[in-house]
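Working notes, beginning with the structure itself.
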Amino acid sequence: MSAPPNRFDPAEAEPRWMARWLESGALRGDPASGREPYVIAIPLPNVTGSLHMGHALNNTMQDVLIRWHRMAGREAEWVCGTDHAGIATQAVVEKMLAAQGINRREIGREAFLERVWAWKEQSGGEIINQQKRLGCTLDYSRERFTLDEGYADAVGRVFVSLYQKGYIYRDRYMVNWDPGLGSAVSDLEVEDREVTDSLVSIAYPLSDGSGEIVVATVRPETMLGDTAVAVSPADERYAHLIGRTVILPLVGRELPIIADEHVDPAFGTGALKVTPAHDPNDFEIARRHGLDEISVVGEDGRMTALAGDGYAGLTPLECRVKVIADLRVADGLRGEEEYTHNVPFSHRSGERIEPLLSLQWFCDMTKLAEPAIAAVKDRRVRFTPERFGRVYLDWMENIRPWCVSRQLWWGHQIPVWYRGQEIHVDIEAPQGDGWERDPDVLDTWFSSALWPFATQGWPDDTPELERFYPGHVLVTGRDIIFLWVARMVMMGIEFCDDIPFSDVVINPIIQAPDGRRMSKSLGTGIDPLELIDAHGADAVRFGLLLMASTQDVRFNEQRIQQGRQLATKLWNATRLVVDRGGRAGEAAPEPDLLGDRWIAEYLRQTVAEARHLVAEYDFSALADLLYRTIFDGFCDWYLELLKVGEGTPEVAGFVLEQLLALANPVMPFVTEECYAQLPGANADGLLRHPLAVAPWSQDERARQHGKHLIETVTALRAYKSENGIKPRDPLTVTFDARVPFDLPQTAVAALAHVTWTETPADDARSIGIELGRLLVSRPDVIIDIAAECGRVDAQLAATRAELARAERQLANPNFIERAPDHLVQAERDKATRFVAEIAELGAERSRLGCH
RNA sequence: GGGCAGUUAGCUCAGCGGGAGAGCGCCCGCCUCACACGCGGGAGGUCACUGGUUCAAUCCCAGUACUGCCCACCA
């Protein structure tokens with residue numbers, strides 16, 4: 001026979017427990033159970049993705065909620081699955097093919113999609129296994145993919161419905177064209193970067209030869225598509241020119257001079273060249289003034305035929321060089337200077353966005369937004385932290401049309417058919433010959449917007465949809481509040497007539513230890529799976545939660561170590577309790593001894609606080625509470641009291657079981673392993689264990705008495721330590737009570753290693769505690785009177801200062817009048833105590849013969 | 001240009017109207033029969049700055065200075 005090891009071994013235990021949970025069937029929410037459902041839809045990871053630190057925290061938070069509510073008796077369903085992630089996935093496969101020298105256009109759409117599916121089957125969704133490593137209890141049995149047959153059907157129906165309602169329309173409109181991708185991208189997929197360009201001034205001669213207007217531009221090549229020159233209506237310098245025309249250099253087109261509010265007279269020359277097809281502002285101006293829109297840059301990223309001979313076919317950059325050279329020859333250049341400004345880049349490909357006119361499908365969001373705004377305004381949907389609700393509202397109240405078509409192959413192909421001028425919008429192809437389907441696919445976010453209900457079988461009236469929609473909580477990152485959260489709220493209300501969730505919890509961002517972003521490309525990423533290998537999943541979960549607060553934090557591996565130490569602590573505490581005869585599954589014992597009564601009250605308070613923290617989504621405080629409760633309350637005090645006879649195995653076993661249940665949502669593996677060690681444990685493990693419900697009623701006396709006991713022991717230990725007395729060397733003590741209370745002297749003696757005596761020694765020292773004073777002396781030791789006097793004097797001075805502060809407060813009539821009574825009384829009590837202490841210290845001075 | 005956060009112990013962060021907290025690190029002492037991934041004790045903060053409100057301010061208000069993030073159409 002060998003004693004159990006004093007360390008919990010995560011690598012051995014974790015796969016074992018995960019397998020049991022998967023087999024248990026408890027992860028699959030049963031719509032017919034009759035229990036109140038508790039539903040979370042996971043922020044669906046990309047099928048190409050792997051678990052990073054952000055996922056690890058986000059998923060842990062959700063797993064805590066799911067496990068907590070499952071143990072609290074709710075029918076828990078955590079919706080599992082992955083996103084087809086159009087651009088990301090297509091890019092992965094294209095890259096693979098490129099390595100083999102294959103271009104997707106060569107093999108064609110069908111063959112390409114076959115390759116993507118093959119990749120998806122083989123290498124996709126690895127992140128699901130990684131979620132299992134973390135201990136996540138998702139409903140893996142209902143894993144969904146956004147391109148599943150049923151899901152795709154839901155996407156098609158939503159598109160058709162929105163079209164029929166008149167929200168979806170096709171328009172030739174200014175889009176963010178990503179030349180790297182060869183597709184339009186939405187406003188939200190664009191990021192500004194600071195770039196230094198050359199600001200070129202170009203002279204546009206007036207048609208009548210009476211002079212010229214100079215305009216400034218950073219994109220001289222787009223002048224080939226100019227259709228006007230605009231000035232501010234308030235600009236007197238140009239007032240007389242409005243309505244007249246200029247000749248576009250190099251092209252010869254006659255352009256009107258127009259007045260538009262958008263023009264800032266203070267910028268450059270105060271005159272703006274208007275290129276409606278390649279600048280969002282110019283586009284707006286053109287629509288206001290009915291100007292022509294001439295596309296000189298094509299979707300292939302090259303100058304079009306409309307750019308004119310000598311320019312067509314060039315890249316915009318090549319064209320820019322040629323335009324400038326040609327202008328120089330024609331004496332049209334009036335200046336050139338360096339200019340730093342913000343330029344849009346594609347979030348996806350990293351290439352500079354080419355704004356251009358393109359025929360795309362758009363969704364008008366104004367009608368959809370209205371009820372989604374109301375839902376947040378009247379707090380049917382609540383954000384945590386609250387400030388993100390305002391971020392959501394600001395965006396929603398200024399919502400713009402959503403470009404939903406993407407020029408990709410991997411995704412939901414748009415359910416629209418064309419034949420000549422005819423357009424047919426439906427999931428099914430229309431009857432008759434000659435119809436061609438729109439080759440474009442929908443923005444990935446269009447399908448993820450349906451996640452909360454498309455996963456439950458919508459549009460069919462399934463039991464799951466009935467019970468599991470609407471869900472309860474969404475835990476996600478703030479970077480997708482607009483991309484995803486807002487759109488889920490809108491779509492949920494539109495198609496299911498109800499909000500998809502009532503709480504949106506925004507998880508913080510964990511930065512690299514140096515404060516930079518954690519990213520693979522920067523080399524600042526830390527792999528959570530490696531942390532799990534090193535410290536165990538429980539430690540990683542605990543550490544991440546402890547780090548997380550309502551603001552972004554720097555990653556701190558010490559917090560993970562704390563988690564590992566807590567796991568070890570629990571493991572060893574369990575060994576002790578088992579050794580002392582503690583059991584699980586017993587009815588709550590009635591505590592009698594002080595230690596038992598104290599821990600019962602302590603547990604009762606801890607449970608109440610933990611419930612409150614979960615309801616508030618304060619995971620960091622929850623982790624901290626568990627740590628303090630287990631280390632300080634349970635191990636350092638209660639188990640030590642148990643050893644010295646102030647506790648019983650019955651209470652120890654019961655409290656440990658409760659604590660394991662309480663900690664289980666945060667640290668599922670080690671708590672299961674510990675629980676399984678307890679005789680009498682439920683064979684199913686903690687997964688089906690009802691969450692800790694402290695059965696005892698409030699016991700204020702137990703709390704007070706425990707506090708006094710702790711204070712006494714602590715004071716004696718400190719005295720020893722400060723006086724160089726080794727912990728186990730003798731010290732005799734007499735208790736002179738100021739407050740009536742039966743100190744459990746045996747326990748104090750054992751915990752502080754002191755000996756009680758009836759009468760204090762002549763040279764006894766006094767230690768002030770709230771209860772009264774402890775008179776201590778050390779036998780067989782000659783006291784250094786001078787040093788002792790010094791200590792007493794220092795203490796005396798400190799206490800006098802405290803008294804002075806209290807008296808100053810009490811001397812202030814405003815304080816007496818306006819401060820709450822209990823605070824005034826507390827101040828009076830303190831003053832009284834300080835006076836008593838000063839008297840005691842004075843008595844000690846004379847006893848020692850200090851001067 | 002707007003908006004939102006942050007500035008508290010050497011480090012990472014809690015606290016947010018009534019005598020400054022945690023973990024780690026540091027110092028001292030303990031291999032106490034669950035645990036040295038442990039136990040006991042201790043040192044260490046004009047709570048960024050300036051005003052204001054209040055009997056009372058790290059905490060509320062205004063402003064300043066840095067830091068970070070989001071939104072925005074100035075060529």
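Protein chains get the first letters and strands the later ones, always in sequence-line order, with residue 1 at the start of each. Fair warning: this is a prediction, and the values are worked out from it, not measured in the lab.
Looking only at atom types and distance, the side chain of A:Tyr204 has a donor-acceptor partner in the side chain of A:Asp226 under 3.5 Å away. A donor and an acceptor atom, one from each side chain of A:Arg559 and A:Asn556, are nowhere located under 3.5 Å apart. In the model, A:Asp821 has no side-chain atom that pairs as donor or acceptor with a side-chain atom of A:Gln825 under 3.5 Å. A donor and an acceptor atom, one from each side chain of A:Thr340 and A:Thr196, are located under 3.5 Å apart. A donor and an acceptor atom, one from each side chain of A:Thr832 and A:Lys830, are nowhere located under 3.5 Å apart. Under the 3.5 Å distance criterion, with hydrogens and angles disregarded, no donor-acceptor pair is assigned to the side chains of A:His347 and A:Glu189.
Checking B:G29, B:G38, B:G42 against the side-chain heavy atoms of A:Glu722 singles out B:G42 as nearest. When distances run from any side-chain atom of A:Ser721 to the nucleotides B:A34, B:G41, B:A75, the shortest one goes to B:G41.
Base pairing in RNA chain B yields stems of at least 3 consecutive Watson-Crick or G-U pairs, both distances under 3.5 Å, namely B:1-7 with B:65-71, B:10-13 with B:21-24, B:26-30 with B:38-42, B:48-52 with B:60-64.
Contact check of residues 549-560 of chain A against RNA chain B (heavy atom, cut-off under 4.0 Å) returns A:Ser549, A:Gln551, A:Val553, A:Arg554, A:Asn556, A:Gln558, A:Arg559.
One C1' atom belongs to B:U12, the other to B:G17, and the distance between them is 27 Å to the nearest Å. One C1' atom belongs to B:G21, the other to B:A9, and the distance between them is 10 Å to the nearest Å. B:A65 and B:U50 are spaced 15 Å apart, taking the P atom of each and rounding to whole Å. For the P atom pair drawn from B:U32 and B:G44, the interatomic distance equals 31 Å after rounding to whole Å. B:C26 and B:U67 are spaced 28 Å apart, taking the C1' atom of each and rounding to whole Å. Straight-line distance between the C1' atoms of B:G45 and B:C13: roughly 15 Å, to the nearest whole Å. Nucleotides B:U7 and B:G15, compared at atom C1', are 15 Å apart to the nearest Å. Here the separation of B:G10 from B:U46, taken at their P atoms, is 8 Å to the nearest Å.
Using a 4.0 Å heavy-atom distance criterion, A:Asp632 is classed as making no nucleic acid contact. Base engagement by A:Val263 is indicated by at least one non-hydrogen atom pair under 4.0 Å involving a base atom. As judged by a 4.0 angstrom heavy-atom cut-off over every strand, A:Arg400 is placed among residues touching the sugar-phosphate backbone only. Counting any heavy atom pair closer than 4.0 Å across all strands shown, A:Lys569 reaches a base atom. Residue contacts shown for A:Pro820 include a base, since a base heavy atom lies under 4.0 Å away. Among the heavy atoms of the strands, none lies under 4.0 Å from A:Lys273. As judged by a 4.0 angstrom heavy-atom cut-off over every strand, A:Thr275 is placed among residues making no nucleic acid contact. Across all strands, A:Arg387 comes closer than 4.0 Å only to sugar-phosphate atoms, never to a base (heavy-atom distances). Within the nucleic acid shown, A:Arg628 has no heavy atom closer than 4.0 Å to any nucleic acid atom. Using a 4.0 Å heavy-atom cutoff across all strands shown, A:Phe542 reaches no nucleic acid atom at all. Heavy atoms of A:Glu640 sit under 4.0 angstrom from at least one base atom.
Figure legend: cation-pi geometry between A:Arg487 and A:Trp402, with NZ or CZ positioned under 6.0 Å from the six-membered ring centre and within 45° of its axis.
Judged as a salt bridge (Lys or Arg N to Asp or Glu O under 4.0 Å), and not counting sequence neighbours, A:Arg564 has no contacts.
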- Message: Could you walk me through whether A:Val666 and A:Leu545 satisfy the side-chain contact (heavy atoms from CB on, under 4.5 Å) test, starting with their C-alpha distance in whole Å, then the side-chain angles of each, then the deciding distance to 0.1 Å, before giving a yes or no?
- Response: CA-CA 8 Å; A:Val666 172; A:Leu545 292 178; 3.9 Å; yes

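Both A:Phe482 and A:Ile816 lie near RNA chain B, and the one whose nearest nucleotide falls closer to the 5' end is A:Ile816.
Under a 3.5 Å cut-off, the side chain of A:Thr629 and the backbone N or O of A:Leu625 do form a donor-acceptor pair.
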